[in-house]
Amino acid sequence: MRIGIDVGGTNTDAVLIQDKQVVRSCKRPTTKDVSSGIKAALSEVLSGQRENIDSLQAVMIGTTHFTNAFVERRSLLPVGILRIALPAARGTPPMVDWPKDLRSCIGDACHQVRGGYQYDGRINAELDEEAVRRAAADFNARHIRTLAVSSVFSPINAEMEQRASEILKEEMGDAVLTLSHTIGRIGLLERENAAIMNASLADLSATVVDSFRSALKELNLDVPFYISQNDGTLMSADFVEQYPVLTFASGPTNSMRGAALLSQMKNALVADIGGTTTDFGILSQGFPRESSIAVDVGGVRTNFRMPDILAMGLGGGSVVREEAGKVTIGPTSVGYRLTEEAMVFGGKTLTTTDIAVAAGYADIGDKDRVAGLDPTFVEACVQKIHAMITEGVDRMKSSAEPVPVILVGGGAVLVSRDIPGTSEVIIPEESGVANAIGASIAQIGGETDRVFSYEELGRDAALASAKQEAKERAIAAGALRDTLEVVDIEELPMAYIPGGSVRIKVKVAGQLFAQ
Amino acid sequence: MKLTTEDLKDIARGAAFLGTGGGGDPYIGRMLATSAVEEFGPPDLISVDELADDANVYTIAMLGAPTVIIEKSACGDDVDLALSRLEKYTGKKADAVIPIEIGGVNSLIPIMAAARNGLPLVDADGMGRAFPEIQMVTFNVYGVSCTPLAVTDEHLNSLVVDTGTAKRAEDLVRVCSVDMGCSVMLSSYPMTGKQVKETAVTGTMTLALEIGRAIAEGRRQGDPTAALLAALRKTPYYNQCKVLFDGKVQDLRRETTGGFAVGHCVLAALDGSDRSMEVTFQNEHLVAKEDGQVRAIVPDLICMIDRETAEPVPVEALKYGQRIKVLGVSAPPIMRTPESLAVFGPQAFGLNEPFQPVESL
């Protein structure tokens with residue numbers, strides 16, 4: 001038995017799961033201290049379950065808290081930045097492309113020192129240890145306690161980042177360190193950005209993880225707890241305390257993973273219809289398909305493993321208008337004010353929810369308030385809503401073959417008809433707490449991303465070696481060896497250079513417990 | 001005209017379009033140029049007409065693997081050294097710098113070099129788009145020697161190469177670049193203002209800027225593809241342009257032969273018909289065929305853009321299901337002569353089909 005919790009900006013949801021079935025679920029408001037909202041939700045799902053508590057294996061938490069804090073520039077610490085790259089990359093200094101307001105939160109304690117590797121792991125320059133010590137002295141003088149360390153090609157060889165961190169610890173005592181190779185992949189600026197973002201969240205992550213811990217403790221739940229990361233796999237609480245940035249895209253990932261569990265499907269398209277937008281994504285082998293382009297978070301370019309999401313301005317609160325005989329829907333929405341502004345709730349704004357009620361396929365609020373709408377107009381609106389969903393499905397599909405579509409989120413009531421291009425439309429029960437369910441799925445992942453020479457190794461040996469590396473990482477993170485599966489393999493031949501160099505990315509995932 | 005950091009965003013997007021699928025992500029080039037402009041001030045962009053006939057003009061570019069440059073970008077001194085080594089060898093101080101290639105990352109490196117060295121930047125280049133090798137340049141086609149050229153790395157190691165042909169220079173430099181870490185700076189084709197006027201593809205930095213602006217402006221007004229086409233139609237050379245295909249990626253096959261990533265992208269029509277288009281690429285797009293019929297072929301430009309936003313889509317970002325418009329754009333007349341076609345026409349890439357202008361297909 002396990003519990004999944006989703007701490008969102010508005011609600012904290014909890015689900016109790018046994019054998020892939022939802023036993024209980026609930027929604028409670030998110031509280032400022034985080035912890036009391038979690039306690040309220042936990043107490044609710046556990047009420048009447050006290051006799052089963054011994055079989056509780058773990059609590060899994062998904063949260064958008066860190067993303068929101070970064071985007072809103074809340075609780076960010078000044079960061080000491082050490083880049084080990086000179087003489088390379090001086091032309092693109094750290095934070096070169098950051099918004100000014102964020103740069104001023106982070107400060108300008110930035111040192112570039114000699115060191116780094118080549119693309120094939122050869123040393124490009126020896127690490128200048130004296131310069132690292134001088135940087136440490138400067139950080140100390142500025143009372144900086146959290147540091148980001150990056151080095152050229154550290155995903156291929158991490159030794160210099162590790163050596164620098166030893167020196168920084170010697171010189172600075174208990175400073176919090178983020179080493180770029182632990183969170184990012186190839187692309188120095190993007191990986192370094194992620195390290196800086198992570199370092200700036202050090203205090204907040206300690207506070208939030210602590211409030212998770214104390215909530216569990218106060219309820220006497222002595223079980224391990226995990227926090228879900230961007231790609232749908234789990235991290236231990238201690239790990240998240242060090243790497244809050246890895247939760248940045250866990251929201252949409254959890255909703256898609258939850259949809260997978262609820263529908264028992266591994267390959268499908270998921271449409272999460274909220275109040276304002278619908279997020280379309282693709283589930284492939286139970287995991288979200290990843291975006292191949294750089295993703296901006298709060299105006300900063302990153303190369304995180306983010307799900308490939310298409311957002312469309314259609315939700316349960318979307319405003320419906322008629323202009324020159326044409327129906328338009330969204331992108332404006334009444335959002336959380338639906339229960340005041342929508343017509344079925346006595347308001348004056350015509351929303352998609354009102355249309356679904358008027359057409360007779362949803363039972364929300366007072367249906368008499370929309371009885372006067374022209375049936376032809378209502379039909380045109382219903383068609384438009386379905387046409388928008390159809391377009392979203394079609395834009396995300398990867399082949400002409402019909403795909404199953406899973407609808408989750410509170411706005412799923414908007415859909416009543418078949419969607420062209422789909423083999424079936426599934427609206428699972430409990431889809432309103434899909435995020436919490438997604439968080440509860442216990443899988444642990446591992447990843448490799450580096451350059452191999454096919455001329456030297458041959459393709460088979462290179463692939464085998466990449467898979468092995470990814471598996472070892474997953475095992476180190478807590479996955480059971482026998483349950484590991486390769487989730488994704490990508491081979492990218494390096495353009496414009498001879499020698500058969502290929503960048504291989506491998507992702508594996510495995511179970512945390514024996515089932 | 002001074003190039004501001006705001007202009008660099010538009011130039012980078014325009015350069016990605018002119019990269020015709022390759023040339024490397026201009027993002028890192030934009031970061032290098034932005035830092036240089038912030039530190040040294042904006043450089044002057046001058047037309048070829050403003051160039052004295054006896055002015056000394058050098059190209060400056062990065063050569064290597066785009067995957068490497070996103071990790072290990074230039075230090076700046078390496079760019080300056082490439083120029084000064086070539087100046088020392090020729091005994092002539094540079095009066096201006098010129099891009100060798102307007103497509104991709106190499107459109108931005110000369111802006112960085114111009115800002116750092118206080119030199120004007122010539123509004124012209126030698127490819128009018130992106131090509132994979134340094135002999136595939138109009139300067140070479142019309143008799144300018146590629147060498148002497150200087151290659152440098154971030155350790156400030158340098159090489160001067162002097163060869164009989166540009167192709168030989170390409171072969172030597174490519175091998176050295178691997179040992180030097182797959183991202184080197186290269187200054188080549190030392191020439192006079194008169195030679196630039198006779199052999200360059202002119203107005204291409206402005207072209208990149210205008211393409212980028214048109215896409216950004218078009219997004220605000222609702223139809224970026226239409227805005228892009230309208231902007232191209234106003235240009236003197238790139239005015240024969242059309243949407244060749246509106247479709248989604250249905251198949252993608254890649255293979256590596258001789259260091260070049262050769263691939264095929266098959267698109268299925270979105271209008272419900274059973275039409276399909278196959279685009280063959282070798283770093284850049286080479287030929288686009290609809291149901292076996294050639295619709296555009298190198299050196300004319302075959303560009304893929306996102307069908308909603310008109311954002312240029314590079315080859316490495318192509319994936320199944322992506323919705324794409326394929327545009328065919330005429331290459332300038334100077335790039336379509338028999339002499340030019342011998343160097344970067346279809347046969348130079350091993351294709352069997354003859355060149356035919358996009359407007360006749």
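All of these numbers come straight from a predicted model, not from anything done at the bench.
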| request: Using non-hydrogen atoms and a 4.5 Å limit, figure out which bit of A/E190 sits close to chain B: side chain, backbone, both or neither. | output: side chain
| Given that the side chain runs from C-beta out, which part of A/S150 has a heavy atom under 4.5 Å from chain B: side chain, backbone, both or neither? | neither
State, to 0.1 Å, how close [X] and [Y] come at their nearest heavy-atom pair, and which atoms those are.
X	Y	result
A/R301	B/D25	NH2-OD2, 3.4 Å
A/G187	B/E71	N-OE1, 2.9 Å
A/Y119	B/C182	CE2-SG, 3.5 Å
A/P93	B/S35	CD-OG, 3.4 Å

| task | Starting from the C-alpha separation in whole Å, work towards a yes-or-no answer on side-chain contact (heavy atoms from CB on, under 4.5 Å) for B/L32 and A/R90. | result | CA-CA 9 Å; B/L32 287 165; A/R90 196 195 295 128; over 6 Å; no
| said: Taking atom CG as the centre, does B/D271 end up with more than 12 heavy-atom neighbours from other residues, nucleotides or ligands that are less than 6.0 angstrom away? | reply: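 Atom CG in B/D271 is packed in, count exceeds 12.
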Considering only heavy atoms, which portion of [X] lies under 4.5 Å from any heavy atom of chain A: side chain, backbone, both, or neither?
X	answer
B/R116	neither
B/A74	backbone
B/I28	both
B/D251	neither
B/E39	neither

| request: Check whether any side-chain heavy atom of A/Q118 sits under 4.5 Å from a side-chain heavy atom of B/V68, and report yes or no. | output: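 They are not in contact (no side-chain heavy atoms under 4.5 Å apart), so the answer is no.
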| Heavy-atom distance under 4.5 Å between the side chains of A/F153 and B/K72, does that happen here? |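 They are in side-chain contact.
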Measuring from [X]:[atom1] to [Y]:[atom2], what's the distance to the nearest 0.5 Å?
X	Y	atom1	atom2	value
A/T92	B/M31	OG1	CE	9.0 Å
B/I70	A/N303	CD1	CG	7.5 Å
B/D179	A/R122	CG	CZ	5.5 Å
A/L188	B/S73	CG	OG	7.0 Å

| task | State plainly whether the residues A/D97 and B/K9 are in salt-bridge range, i.e. N to O under 4.0 Å. | result | no
| task | Apply side-chain contact (heavy atoms from CB on, under 4.5 Å) to the pair A/N124 and B/E154, showing each step before the final yes or no. | result | CA-CA 10 Å; A/N124 192 40; B/E154 70 274 19; 2.7 Å; yes
